[in-house]
Amino acid sequence: MSVGKSRTRLWFLWHSWLAMPIWAFLFFVCLTGTIAVVSTEIMWLVNPAMRASGAGEPLPPSALIAAAEAAAPGGRVSSLSWGGSHMAVGARMAMPDGTSTTAWVNPVSGTVQGMSTGNSFRNFFRALHGWLMTFPVGWYAVTLLAIPLVGSLITGLVVYKRFWKSFYQPRIRWSQAPRVMWGDLHRVAGTWSIWFIAVIAVTSLWFLIYMMLFHLGMGLGGGKLPVLIARDQIPVAATAPKVDADAVVRAATAALPDMRLRYLWLPGTAYDPATVSGSSGQVPLLPDYVRVNPFTAEVIVIEGGMDAASGIELTRTIMRALHTGDFGGLPVKLIWFAFGLLMTTLVFSGMLIWMKRTARATVEAVRGVRRGGAGMAEGSSNA
Amino acid sequence: MRKFWQRGKFHLSALMMLVPLPFLPDYFSPKPIFVPPEIRRDVAAGPFPVTLVTYDQAPRRMPTGERMKEYHVHLRPTDIDRVRGVFLRVGKPRSLRAAGALAFGNPYEREADVTVPDELAGTEELWVTVEDWSGGVHQASLPLADIFGGKR
């Protein structure tokens, strides 16, 4: 046997062994991540209160705030989120018992269609996928998977000769033995999702490195100083002046006319600005944040976009958007969902193939080395 | 048994799925279930009664190296719209500009992350500064040891 062939065999064993001992965990993380991509859409399907038809003239923010606060005694709206014309506006409220509640307000009629308390399905799947609900131990357990992921991708490309043929001649022999079928499926799915695996692996690696540096006290920084309103700019009054939410949003949309409105955050303290956020089309990965003086409704600064952000912050936003597929609306999310399913299938089919084949191949290879490397076992090609 | 182990050992990583289980009940309850005991103290900053609450826990060490203690600040609901800001600081503030950590979040239960010096003599005081919307400043203090918590 040629040296080249035995080297291929070694690459192949690496490819098999990288994921096998952790396959079930990797499978779980891939599956929960896939669900997390479309978690908002699942919530929308399950909860009728979150739906809206979108027909008609939308109400101004102040009307939505008033409707939400009227529906929850003592509730104080801290933010509004718009999810598109098919979604009710989510009004997040601080409640007198220290918890928070989201009221789903119809953007046209102003009816409060329902309330959600506590953590949402979306946050649950984020926590389950991202840190196994225990931070930071779970975060490291999950992000460390980036290493076998990168390894599997690279070794897979080496052992699968002429993998690009799968792009124009995909071949899955459905009617053959299951081992053949799963093998074909693994190779075709793997080839078609090269870009996706690379994106997920690199972004996960970033999450790992980023958190590691942070915990080592070498945080990358890049965060901007918060915008605050100087004490002498704050009006003197007997009681807190009511923030004119309509004027705030009007000022922000006047500053960025093509912005698709996503969030309004009312000031968290008396010294904080109100923030209006949305994506403005030119740079879909990077949302803009418009900081507005809540007392005068003057725009203080526009953050985000290409020029305003530091390199680190830019990287952080892009990495997050690329990992979650949350940057181009529903079409991109569905692509991410489909390839997430494909990647989950890759883990599963890899395990099946391994159980049916590689265990034996490894025993034979080890036996071959023991014999002095004279006769690497024949009989289990990687085709 | 041996055969079971031979085949089953490669699926052991499925046990990682058990990791989130103990955290589920706490996650789905609106208020934390397993909380350390709380310490509550009432002070009056001028006309404003303030209740401070903290967990009976040592301060956290931040990745930046400083020690941080979290306090929850309760005002009377009728005072919420009269108070512009509540600041907490270890040691008497020299001016309003350095009044300490500004409490933020839910107005019914604001929270403040207060920096605590590494070495404590035991005589330090926690200063509460309340600024109202008409510009008035009201202060109160209490011994830090009374509302510190944790083993010392």
Side-chain angles (χ1 to χ4, degrees), chain A residues 19-29 32 74-76 78 93-101 117-119 123-124 127-128 131-135 137-138 141-142 211 213-219 228 231 234-242 267-272 351 354-355 359, chain B residues 6-32 53 61-66 72-74 77-87 95-97 99 102-112 131-137:
Chain A
M20 190 56 201
I22 48 149
W23 84 268
F25 180 42
L26 188 60
F27 181 80
F28 173 76
V29 172
T32 49
R76 282 161 177 258
S78 56
M93 284 187 284
M95 301 304 289
D97 64 351
T99 61
S100 69
T101 293
T117 48
N119 281 304
N123 289 353
F124 169 66
L128 192 62
W131 51 93
L132 304 172
M133 335 235 18
T134 164
F135 187 84
V137 177
V142 172
M211 199 54 73
L213 289 177
F214 179 73
H215 278 134
L216 290 171
M218 308 192 302
L228 290 176
R231 188 170 265 112
I234 302 175
V236 174
T239 58
K242 193 116 185 87
T269 73
Y271 314 89
D272 283 319
M351 179 276 294
W354 194 95
M355 291 305 280
Chain B
Q6 285 296 344
R7 285 192 75 81
K9 62 184 171 189
F10 297 109
H11 308 311
L12 277 179
S13 63
L15 294 176
M16 286 298 282
M17 287 182 230
L18 300 179
V19 172
L21 286 184
F23 304 99
L24 289 181
D26 196 49
Y27 188 84
F28 283 109
S29 117
K31 280 269 190 182
V53 183
R61 177 77 63 182
M62 304 305 286
T64 46
E66 18 171 31
H72 287 250
V73 179
H74 298 259
T78 47
D79 287 341
I80 286 178
D81 283 324
R82 293 175 61 204
V83 169
R84 197 191 261 176
V86 180
F87 302 84
S95 74
L96 190 56
R97 294 180 64 86
L102 171 61
F104 64 93
N106 189 329
Y108 296 101
E109 189 179 327
R110 298 177 213 223
E111 70 184 80
E131 184 188 8
D132 65 30
W133 275 97
S134 56
V137 176

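Lettering of chains follows the sequences in order, A, B, ..., and the numbering in each one begins at 1.
Chain A forms more heavy-atom pairs under 4.5 Å with one residue of B/G135, B/P107, B/S134 than with any other, namely B/S134. The candidate with the highest count of non-hydrogen atom pairs below 4.5 Å against chain A, out of B/I80, B/D132, B/N106, is B/N106. The most heavy-atom pairs under 4.5 Å with chain B, out of A/A237, A/G74, A/A238, A/P96, come from A/P96. For the set A/G138, A/A127, A/P241, the entry with the most heavy-atom pairs within less than 4.5 Å of chain B is A/P241. Most heavy-atom pairs under 4.5 Å with chain A, from the set B/R82, B/E109, B/H11: that is B/H11.
Proximity to chain A involves both the backbone and the side chain of B/L96, based on heavy atoms less than 4.5 angstrom apart. In this structure, chain B has a heavy atom under 4.5 Å from the side chain of A/L128, while its backbone stays farther away. Neither the backbone nor the side chain of A/L26 comes within contact range of chain B; no heavy atoms are under 4.5 Å apart.
Closest approach of B/P20 to A/M133, counting heavy atoms only: CB-CG, 3.4 Å.
Interatomic distance, OG1 of A/T134 versus CG of B/L21, reported as 12.5 Å (0.5 Å rounding). The line from CE of A/M93 to OG1 of A/T99 is 10.0 Å long, rounded to the nearest 0.5 Å. For the atom pair B/L12 CG and A/W23 CH2, the distance stands at 11.5 Å (nearest 0.5 Å).
Between the side chain of B/Y27 and the backbone N or O of A/F124, at least one donor-acceptor pair lies under 3.5 Å.
Listed by chain and residue number, nothing satisfies the salt bridge (Lys or Arg N to Asp or Glu O under 4.0 Å) test with B/E111 (two or more places apart in sequence, or in another chain).
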